[in-house]
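Remember, predicted model here, so these are calculated numbers, not experimental data. The basis for the numbers below is simple: all heavy atoms, side chains too, and nothing from hydrogens, waters or symmetry mates. So that the names make sense, note that chain A is the first sequence line, chain B the second, and so on, each numbered from 1.
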Amino acid sequence: MRRPTGVRAAPSRRRILAVGGALGLLAGGGLGLSGALANRPALTGGMLRSAAPLPEPYTVPLPIPKVLTPAATGKGADRYEITQRETTAEILPGTRTGLWTYNGTFPGPTIESRRRRTVRVRHRNELPVPTAVHLHGGRTPADSDGYPTDLILPDGRPDAEHHHGGGHGAGSHQMADPRAVTSRVTRDYTFPNDQRAAMLWYHDHRMDFTAPAIWRGLAGLHIIRDDVEDALDLPRGEYELPLLICDRSFDANGSLRYPALDPSLRERPGVQGPYAAGVLGDVILVNGAPWPVHEADAARYRLRLLNGSNARHYDLEAVTDDGSRLDLVQIGSDQGLLAAPVTHTRVPMAPAERYDVVVDFRGLKPGSRVRLRNRLGSGRTREVMAFRIARKARGGERNGGRVPDRLADDLPGWHRSQATAVREFAFRAGHMQHGRGWLIGGRAFDPGRTDVSTRLGSVEVWRLVADVHHPIHLHLVGFRVLSRGGGPPLPQDAGLKDTVSLRPGESAEIITRFDGYRGRYLFHCHNAEHEDMGMMANLEIA
Amino acid sequence: MTSTDEAPSATAGREAPRSGVTGGMFRAAVTLHTVVVFGQPVFAGVYLSGDIGGLDLHVLGANAASFLGLAQAIVGVTYSVRQRVWWPALTSLLLVAAESVQYVVGMDGALWLHLPLGVSLIAGLAVLFTVAWTRPLRGRGRGGSDA
């Protein structure tokens, strides 16, 4: 309008600046909005806040799960009995929390076993729901692997699980699984333990309801030991601490809070919308105690770390009260010892991952404190547990000792050129039959469909790509991480793994050999909520 | 885009008041559409930071963008027919086509197409926004008031 007449219409300088400014504002506003809405750092899951008053960190002593005594010891095999039952326990001081447990404790009792010595466990289900027990990391025959429809049905509810079209108790998925082998009240699981020394864990794996069952307490440790490990100078006895780290939330009355769509955990699977990416608790438990403290010697400790959380990732560091960080010397991963130790100052842990680390308190004065902190947490979830140095080292630990430079030479050395198949899997959110879920290669879990079939003994390379955090777990086998995001693996990817942590937008290549046993196995995301909402697939080994 | 827009005559506003309104509506539609589409990568990023609610916002944004794209096309076609200037109709219809593909491949999870197409859509809308606010929105030979 203020242009001179008689020449070709050109926008005024002011107009051009205004348009440019508007686009700039739009872009800047987008950045601001993104900064306000996004999880920074990335955090997959929805935070569920406790209503209960929470204890001060580092006031409750660290419990150590009891080692289970065999019911019978025979030639080449030990037999154990575990009863799955409801109980209450004092988790938050002064209140009782209802739990589903293995043998009345959370975590369940630890099974200590030797390589190649068979463990048979008779599980008795006295819970109000069906269960399935999976030994995570176990090289287990298919019929003892705790397939999600191979259920132990509870007593006293004749065929209740058939009323909802779930075939063999498969919840509301309307999926009959003709191959399911169910039993009533008890089931015997056989674990040959024909594998490297490692810390495994057993937990519930029922179709559609794994996440809430673990949340309620169905998890315990299973440690395999062997001569390779025994020969090394590693801290042992009271200097070896298994630490099952997980997060939970509590109602005002002390009961566990969980956003299940069906609180009876029988019919409708899944969690409320805000938690569909995973349930994050605001209380960090170690071996079932909130932010515990352990009275330690000024000695070396072997910490056998397990992230038993449904969805929470940790980035652990050991910090003294004067602010210095102690080295965490990693000696093992999911499937046992590394070839050589790897020194970290931080250990990132995805759900179901294990790290075997040695930390050295020998330079610390009695009275000082070391906190295990989580760099991915915020507020109270930054704290995990503490060690209070109570006294000087005793016994053998007093006389030095160091982590050997060479740990194990029995790690498999698979090479790409051996691979008979290269497969690709995308782990992403997507549409399922009943709304949004989590898919592998665009498909939700169906027990009746074989997703991968391979031959016993074949070596394969799998390329995995994720949208958000997905810790990918393969049953039966250990694998090695070949690459991450097209580059070399990270330092924490060393050794033999059974769960690889994919971060948002990340890809990884793994290599493994499918050996051990034939049958139907699984691979899945070990974000337990994702697993229940479709992110699982069948692996048939023929 | 290279049409021979002449300088406005002093009487332009009185000659074509209706097209002035349509031109203004076209600018408004392009502006709203651009604002909503700029939100889409934000919501996608929120989702990729682990907040599944971002995906709900992304779907909401896709619905809003589709609606606004259609509205813009209707206004654009009306303007083009009246003023016999074809770029508003052509660009708007092209955007509707691209956004339809974008919606379907997004729901399908075909990210190889969804991501580059999304970037192109944003670039295209930024250019259209610039053109709509800097070019005279009047018919050929009838003046170029900024409506």
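From Asp467(A), atom CG reaches atom CD1 of Ile52(B) across 7.5 Å, with rounding to the nearest 0.5 Å. Atom CG of residue Leu111(B) and atom CZ of residue Arg428(A) lie 3.5 Å apart, to the nearest 0.5 angstrom.
Other residues, nucleotides and ligands contribute more than 12 heavy atoms inside 6.0 Å of the CZ atom of Arg423(A). In this structure, Met25(B) places its CE atom where only 12 or fewer heavy-atom neighbours from other residues, nucleotides or ligands lie under 6.0 Å away.
For the pair Phe43(B)/Leu33(A), a side-chain contact is recorded, criterion being any heavy-atom separation below 4.5 Å from C-beta on. Inter-residue side-chain proximity for Asp51(B) and Leu37(A) is flagged as unmet; no heavy-atom pair is nearer than 4.5 Å.
Residue Arg40(A): no heavy atom, backbone or side chain, is found under 4.5 Å from chain B. Interface remark: Thr31(B) contributes no atoms to any contact with chain A (heavy atom separation under 4.5 Å). For chain A, the nearby part of Leu57(B) is the side chain; its heavy atoms alone come within less than 4.5 Å. Contacts of His431(A) with chain B are made by side-chain atoms alone, with heavy-atom separations under 4.5 Å and no backbone atom involved. Both the backbone and the side chain of Tyr47(B) have a heavy atom closer than 4.5 Å to some heavy atom of chain A.
The residue among Gly430(A), Ala429(A), Gly442(A) with the most heavy atom pairs within less than 4.5 Å of chain B is Ala429(A). Ranked by heavy-atom pairs under 4.5 Å with chain B, the first of Val19(A), Val468(A), Leu26(A), Thr44(A) is Leu26(A). With chain B as the partner, the residue from Ala426(A), Ala311(A), Ala42(A) showing the most heavy-atom pairs under 4.5 Å is Ala42(A). The choice from Asp56(B), Thr34(B), Ile122(B), Asp108(B) that makes the most heavy-atom pairs within less than 4.5 Å of chain A is Asp56(B).
The minimum heavy-atom distance linking Gly50(B) with Asn39(A) is given by the pair C-ND2, 3.6 Å. Between Leu23(A) and Thr130(B), the closest heavy-atom pair is CD1-OG1, 3.4 Å.
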